[in-house]
Every structure is written in C-alpha cells, then in structure tokens.
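Encoded as structure tokens, the structure appears first; notes follow it.
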Amino acid sequence: EWDLVEEMYSCLSKYLDIYLLTYYDSVSDYQRYIKLPVKALGFDLVSNRENLENIRRFGFPKDKVLIAGVINGRQVWRACLDEKLRLVEELSKYAKDVIIANSCPLFHLPVSVEPENELEDGLKERLAFAKEKLFELKIIKSAIEGDQQARLEVERVKKLLSIKFGEVPEVREKVQNLREEDFVREVPYQERIKLQQDILRLPLLPTTTIGSFPQTEEIRMARTEYRNSKLSPEEYERFIKEQIEKVIRIQEDIGLDVLVHGEFERTDMVEFFAEKLGGIATTKHGWVLSYGSRVYRPPIIYGDVYRPEPMTLKEITYAQSLTQKPVKGMLTGPVTILNWSYYREDIPKEEIAYQIALALLEEVKDLENAGIKIIQIDEPAFREGAPLKKRDWTHYFNWAVKAFRLCSKAKPQTQIHTHMCYSEFNEVIEYIYQMDFDVISIEASRSKGEILSAFENFKGWDRQIGIGVYDIHSPAIPDKNSIRQILERAMKVLPVELLWVNPDCGLKTRRWEEVVPALKNMVECAEELRKELVSV
Ligand code: GLN
Ligand code: ZN
C-alpha cells in the first residue's frame, strides 16, 4: 500500500502543492510518510503520543511544513493552552514552518457552546465546540507571537483546568474495588437456560420485538409540551402510561411471546439514559451528524457516572403489570452509551465504561427485584468503538466485553438479551461470545440471512439468536414468504432451539399501519413453522 501511496503522490505533486493531512490516529510508517513528495505533512497530535515520539526520534525534513493537529477535533473539552503552547514551541525546533491546526475535521462537534445555558454549573467554561476550537488556535498563535492578552488567557485556562470537576469518590472506589468475579455470572449458560425456560416456558421460535414502537407525531408533541411546561409531569406520565397500555394490548392481539413497553418516554436510546445519570450532561442545541442526513445530540460525560435513582423501573413494571406475558426490561449498554457520547480524557476509557456499567447493574437489580424476568441491554455501538488499528483491538474488546458482563451480572434465572443491529460479526465473533448473554438479536433481513455465517462458522456457538426478519428501515411490509426464507436459512445452520424471531431493530421510525401487519406476518410465520416442526 505504501508503494502505491508514494507513486500517487509523486504523480500528483508534479502539478500541485500538496498539504497532506492525516488524522484519527498516528501515522503507521513515519519514515516513509515524511519522505512523501509533498509540501506539508499533517499530524494528529492528540489521539496518542506516537506521532510526537517519532518526530522527536527521527526529526522532520527541513524542506517541509509541519501541520500540527494540536486541538482535538473530536472531543468537546477546552484545551490546556499552556501545554499546547509548549508543544508547538517544541515542534518549531524540528520544523522550519509549523502550521497550528485542529487534529481532525470539526464535524464531530456542535457549532458553538454559546447557546447552551442549561448546563451543569461550571461545565460550560470547560467546553469548546467547533467555534471555540478555532478560537483556541488563534490564541495559541497570538501567545506565541507574544501577545499579552493571549498569554493571560493561557494562564487563566491553566488555572481553571487545574480545579477538579465532577468527581465522586464513592464511584471511583467502587471501580477500584472490582474483582474478577464481578464480571462473571454465577451459573454457566447451559444451566442458566434451564432455569430460565422453567420460568418463561417459551415456545420454539419465540417472537419478540427490539423495543421501540412508532414515535408518532402525537407522542413527540406531548413530549414538547411537557418540556415547555404545557403538560404537567402528572399529565405527561398519564399520557405515557396510556401509550404503554395501548402497545401491550396490540402486542397481545398480534400474539407476540415476549413483550416490550414501547420506549415512548425515550427520545434517543443514549440521550434518555444520559439525562438520568449523574456525571453526564446533555445539550439543547448540540446537533451533529450521525449518518447520512441523520443528526443527534451526543451527551457529554464530564464526571464520575452514577445513578441517582431508578431510570426505567416505573415504565417497565407498569407494562408488566398489564400482562401475563413476560415484558423485557430495556436498557442501553455501557459501551454504546460511552461510544455515542463525548467523554472525559482524564481517566482511561474503560474506567468510564465500568462506572456506567455499575450504574446499569443497579437498574438490572431493581428490575429483577420487581419481578422482571428478561432484561435486554442494547449494544449497537459495541463494534463501532473498535480502534482503527487492529493492534489496539484486544485492549478495546477486553474492556468492552467486561463492561457488558459487569452490568449484566444478573441472577441465573434472569434472561439477558442484547441487541446489535447490523454489524460485521465475522471479525469479532469471539468477543461477542465472551459477552456471555443468553440471547442476542441481530439484523438478518437485508443480508438475507448471510450475516449468520459468522455464527455458523463459530465452533460451539450455543447462545440463542434473534433473527431480524423485518427490515425496519423500509416502509415495505414483509410477507410471510420472505420471512420464512430467512428463518429457513437460519434453521439450516443453527439448531432451531436457539432461534428467536424478531424485526431487525426498533420500530420507532415506522408507522403503525406498517408495523401491525408486518408483525402479524412474522408471528403467523413462526406459528406455522412451529406446527410443521412438531409434526415431523
Ligand atoms: N431498543 C432500541 C429500540 O428498539 C434499540 C435501537 C437500536 O438498536 N439502535 O429502538
Ligand atoms: Zn438496532
């Protein structure tokens, strides 16, 4: 690959002055990189120290410009300008010309902190979004040029950042005191499953959904009215309860085996928990792109994370009180909460994951004590957080697996589900297995079941899998035939005892007119297959 890179840049540089930027990680082959025939070379100097160490060790060519990505374009923290200043000064010893820059594109950040007036006390002044990042670059430059104002600002920020913020010693202690057994369920899967089935008594090919049901205009309006104090908390709660009751009845009519409460009280699966957890802030205007034209507001993990009070208990237990069928408790997993938020950088990422996991574990225990038999912990961003370079994978997945196991250390009788949307499972299947859940639900309809090959190739796969037979990204209503095809494909490669039947993902973006007939087809298909299986 390097040969091609070299050839390409030699061709291009005949016609252009090239400013080559690299970001999100260090450059893998420093020596070849700095020999590329370009005018300027960019370095990410925040993701890790490798680039800097290489510059120190091997020097930098005198005839090139060094673009120093010193301001983190990915996180929302105000930079310690003093440190950055010294870094730039050091780099000036190696390169004749230094350009001061952000470490990567700024589209990971909201535009500006200015309009955020409801943040926790003291937080706003510690934050820098895109606009403020640019301002930081300007101050570094002015300070280097000897501007007195800028020098004062550098000092002011240094003082501000030296004050500890958001620390909760009890949380730190809990993480410090974790022992190996905290990450291991008491009873192995093969025995757990018997205990669970004794309680749940589910049929072959049990049917369920992933959690959310349509978030209609009516629901969004009620939420806005509640936020604008046009609905009182009591009125809003009553409204949510009505929605829950409605969705329980609909699921019973359709004949699903394991029910959900519908997630009507939630906006976004991460933001909802971020609002309830201590140590995490949410913004009012901090929109960024997630994929395509979709946007979301990433929460900001600024301190030690804890759970001031139960987060989901009221809605889940209310839903369970309305039906004899099991209702799944519904949580977002620690790795996904972390990967879809901005996070502090003063403690290792895994420690944050464990803090979130401990908070979720409290919720798991409350749900169990309230009689909830199945708890689903969603981890759609589990794979997404994997580092760019494979050499860093083991470390990441080790703690990611442990974080999941920590929060899912439920009683053996409690069935733990996880959900992962679409993912490239082949490369990570070993880690997925180590998560030690009882059931995983995955996308399978768009890939026509191809995704299952990962599980098929894994020797000794013995966990239950919910096959996503309904592509929820499309308004099309899947017919029984297409559902059947996917299930038959699955039954060829995995024991039918392991299979569940469900949509690909949550149904919140769909309309009721699509959801009801689609789920009916799904349930009927499962019932037909069951009959055929018993009669052979
Ligand atoms: N439980 C969530 C839902 O149903 C899961 C969403 C997701 O996987 N992205 O909406
Ligand atoms: Zn999903």
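No hydrogens, no waters, no symmetry mates; every other heavy atom, side chains included, goes into these values. Whatever order the structure lists ligands and atoms in, that order sets their numbers, starting from 1.
Under a 4.0 Å criterion applied to the non-hydrogen atoms of G506, ligand 1 contributes the atoms 3 (C), 4 (O), 10 (O). Residue-ligand proximity, G211 to ligand 1, at heavy-atom distances under 4.0 Å covers atoms 4 (O). Close approach of ligand 1 to C421 is summarised as follows: ligand atoms under 4.0 Å from at least one heavy atom of the residue are 7 (C), 8 (O), 9 (N). Close approach of ligand 1 to E263 (heavy-atom distance below 4.0 Å) involves ligand atoms 1 (N), 2 (C), 3 (C), 4 (O), 10 (O).
Taking distance alone, with nitrogen or oxygen atoms compared against 3.5 Å, I210 approaches ligand 1 more closely than that limit. Taking only nitrogen or oxygen atoms, main chain and side chain alike, Q376 does not reach within less than 3.5 Å of ligand 1. Polar contact with ligand 1: absent for W340 (N/O pair, distance under 3.5 Å). For ligand 1, the polar-atom distance check finds an N/O of H419 within less than 3.5 Å of one of the ligand's N/O atoms.
Only the side chain of M269 comes within 4.0 Å of ligand 1, counting heavy atoms alone; its backbone N, CA, C and O stay farther away.
Regarding atom 10 (O) of ligand 1, its nearest protein heavy-atom neighbour is S212 OG, 2.8 Å. Shortest contact from atom 1 (N) of ligand 1 to any protein heavy atom: D378 OD2, 2.6 Å.
The number of heavy atoms from other shown groups lying within 6.0 Å of CD (E181) is above 12. Within 6.0 Å of NZ in K325 there are more than 12 heavy atoms belonging to other residues, nucleotides or ligands.
Between the side chains of E363 and T312, at least one donor-acceptor pair of N or O atoms lies under 3.5 Å. A side-chain donor-acceptor contact under 3.5 Å links D438 and Q196. Using modelled atom types and a 3.5 Å distance limit, the side chains of Q485 and S482 yield no donor-acceptor pair.
Using cut-offs of 30° and 60° for the angle between ring planes, the Y433 and F458 rings count as tilted.
Between the side chain of R463 and the backbone N or O of F437 there is at least one donor-acceptor pair closer than 3.5 Å.
Taking the six-membered ring for Trp and the full ring otherwise, F455 and F425 have centroids separated by under 6.0 Å.
If you look at H419 and ask which of its N, O or S atoms sits nearest the Zn ion (ligand 2), the answer is NE2.
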